[in-house]
Protein chains: 2
Amino acid sequence: MERGSAYHHGNLRETLIEEGIALLAESAGGDISLRQLARRVGVTANATYRHFANKNALLAALAAEGFRRLQEGQGEAVRLADPGQGLREAGLAYLRFAWRHPALFRLMFGPTLNHQGDEELTRVAAASFRALRSAVAVARGVDEEAAGVEGATLRTWGLVHGLSHLMLDGQFGWRAESPLAVAEQALTDAVDGPL
Amino acid sequence: MERGSAYHHGNLRETLIEEGIALLAESAGGDISLRQLARRVGVTANATYRHFANKNALLAALAAEGFRRLQEGQGEAVRLADPGQGLREAGLAYLRFAWRHPALFRLMFGPTLNHQGDEELTRVAAASFRALRSAVAVARGVDEEAAGVEGATLRTWGLVHGLSHLMLDGQFGWRAESPLAVAEQALTDAVDGPL
DNA sequence: ACCCAATGTTGACACTGTGAACTTTGCCTT
DNA sequence: AAGGCAAAGTTCACAGTGTCAACATTGGGT
């Protein structure tokens, strides 16, 4: 029942998510249409309604997959990093993820999805926050529950997140270097120094 | 030719911008339709095309007005602030603007507009950056062109901008306090202290 | 072998952004 | 004051969208 005939009892759901992310990446404006995605997959638009309640639910699934990939990238970055550089590398991974998948990034943190709604989304987003907090704690050499860790995590997250957005919005574009380089420099300066 | 008869040589352009911002504020999803706005103003959808090239141009005008108001709010905050607290107050004004006009804020820094495109938009956005840089310079007691000011401005902007976005995305919602309070606290802690 | 539930399709509807052609209106020139 | 012209607004049309309701197909469990 896995890879047999055309569709019908194939893995439409997974295919939609995969192709949806791909389509999102190709799309200029960052928005995709249900019908376009269905056409690309080779199925009727209404077929998607067997797997997702509506377009928003499908987009939420794309976002959730995005969070999973982001967290994966961050985890790997931390693992490969020199000890003491984990936080910086996690932040850089965040920036690079945003840089490489701008539309998906915007979808993940966007108004399209009401984050209260989808349960999986909030769960996987919370996991991302915990990972960052862990990195902050390690960088400070204290326990994850120590005083000040939560606040520092919030500030770090805010900085990295803001740099990502400004970078994607072309707000660093009028500078000489690549926008990504600008953001990376700003993050590096902030991690070992005052704001 | 200013306030005479119904429309036709009225100030449709201004009206569209004003009502557009209002409609944006009321809209839940943060997106508005041209036709809906036209209906609200009491005019045909195609009439808007006499004043804006297309929907995006209209949205860009809304965003530009948003930048103007944001900058105005920041300026006032700095003016009223205790000396030495100007940077903090400017940042708080930024946060509060985002909190009060979430849809407009998202529009201003969003993928809908290609920021390279609209000339007025880039101009007014750049002015906003300069205002922040000025506040950073004053806070450090150095000249605006001094070394390190540019970088510090970028980091501050990034932090404030990121906190704004996370706040609006409901990422601070699961905490006890109001999301705005969380963001304000994070900003305050960052302004006088390390990251 | 058969039936049923899961999966996919057809047709339809209201809505959207936008182009082309037409109509109205008030100012400027004579 | 008359007239025309350009600016401003309307009508008609079209392709495309998300989504609902009814129908068709299919493969696996009894």
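Residue numbers begin at 1 in each chain, while the letters A, B, ... track the order of the sequences. These numbers come from a predicted model, not from an experiment.
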Problem - Min side-chain heavy-atom separation A:Ile32-A:Leu62 under 4.5 Å - result: yes
Practice task
Tell whether A:Arg35 reaches the base of D:dG16 with its side chain through a donor-acceptor pair below 3.5 angstrom.
Solution key: no
Practice task
Ignoring hydrogens and angles, tell me if any N or O in the side chain of A:Thr44 forms a donor-acceptor pair with the backbone of A:Asn46 under 3.5 Å.
Solution key: no
Using a 3.5 Å cut-off and no angle test, enumerate the donor-acceptor pairs between side-chain atoms of residues 125-136 of chain B and protein atoms at least two apart in sequence or in another chain.
unit_1   : atom_1 : unit_2   : atom_2 : d
B:Arg133 : NH1    : B:Glu150 : OE1    : 3.2

Problem - Bend angle of the helix from C:dA1-D:dT30 to C:dT30-D:dA1, from helix axes over five pairs at each end, nearest 10° - result: 0°
Completion exercise
Taken to the nearest whole Å, CG/A:Asn11 to P/C:dT7 is 12 Å
Practice task
Provide, to the nearest angstrom, the distance between the CD1 atom belonging to A:Ile32 and the C1' atom belonging to D:dG18.
Solution key: 13 Å
Handout entry: Protein-nucleotide distance (A:Tyr49, atom OH; D:dA22, atom P), rounded to Å
Key = 17 Å
Problem - Options D:dG9, D:dA22, D:dT19, nucleotide nearest the side-chain atoms of A:Arg50 - result: D:dA22
Practice task
Looking only at side-chain atoms of A:Asn46, point me to the closest of C:dT18, C:dG8, D:dC20.
Solution key: D:dC20
Please list every donor-acceptor pair under 3.5 Å in which a side-chain atom of residues 20-30 of chain A meets a protein atom from a residue at least two apart or in another chain.
unit_1  : atom_1 : unit_2  : atom_2 : d
A:Glu26 : OE1    : A:Arg40 : NH1    : 3.1
A:Glu26 : OE2    : A:Arg40 : NH2    : 3.0
A:Ser27 : OG     : A:Gly30 : N      : 3.0
A:Ser27 : OG     : A:Asp31 : O      : 3.2

Fill in the blank from the handout: Taking for A:Ala45 and for B:Ala45 the nucleotide of DNA chain D with the nearest heavy atom, the one nearer the 5' end belongs to B:Ala45
Handout entry: Phosphate OP1/OP2 of C:dG8: any A:His51 side-chain N/O under 4.0 Å
Key = yes
Exercise for the section: Would you kindly give the NZ-to-P distance between B:Lys55 and D:dT17, to the nearest whole Å? Expected result: 15 Å
Handout entry: Which residues share a side-chain contact (heavy atoms from CB on, under 4.5 Å) with A:Ala61, sequence neighbours left out
Key = A:Arg13, A:Ile17, A:Phe52
Practice task
State which residues pass salt bridge (charged side-chain N to carboxylate O under 4.0 Å, His left out) with B:Glu120; sequence neighbours excluded, sorted by chain then number.
Solution key: B:Arg68
Practice task
Rounded off to whole Å, could you give me the CD-to-P distance for the B:Glu14 and D:dA8 pair?
Solution key: 13 Å
Practice task
Would you indicate what A:Arg39 reaches in the nucleic acid, counting non-hydrogen atoms under 4.0 angstrom: base, sugar-phosphate, or nothing?
Solution key: sugar-phosphate
Which atom pairs, one a donor and one an acceptor, fall under 3.5 Å between side chains of residues 99-111 of chain B and the rest of the protein, sequence neighbours left out?
unit_1   : atom_1 : unit_2   : atom_2 : d
B:Arg106 : NH2    : B:Leu168 : O      : 3.1
B:Arg106 : NH2    : B:Asp169 : OD1    : 2.8

Exercise for the section: Send over the distance from A:Leu37 CG to D:dG16 C1', rounded to a whole Å. Expected result: 16 Å
Practice task
Calculate the interatomic distance between A:Leu12 atom CG and D:dT26 atom P; express it in whole Å.
Solution key: 16 Å
Completion exercise
Separation of D:dT17 atom C1' from A:Leu59 atom CG, nearest Å, is 13 Å
Exercise for the section: For A:Ser33, answer base if it contacts any base atom (sugar-phosphate contacts may also be present), sugar-phosphate if it contacts only those atoms, and nothing otherwise; contact means non-hydrogen atoms under 4.0 Å. Expected result: sugar-phosphate
Practice task
Check if the side chain of B:Asn54 and the base of C:dG19 share a donor-acceptor pair of N or O atoms closer than 3.5 Å.
Solution key: no
Exercise for the section: Among D:dA21, C:dG8, D:dT10, find the nucleotide with the atom closest to the side chain of A:Val43. Expected result: C:dG8
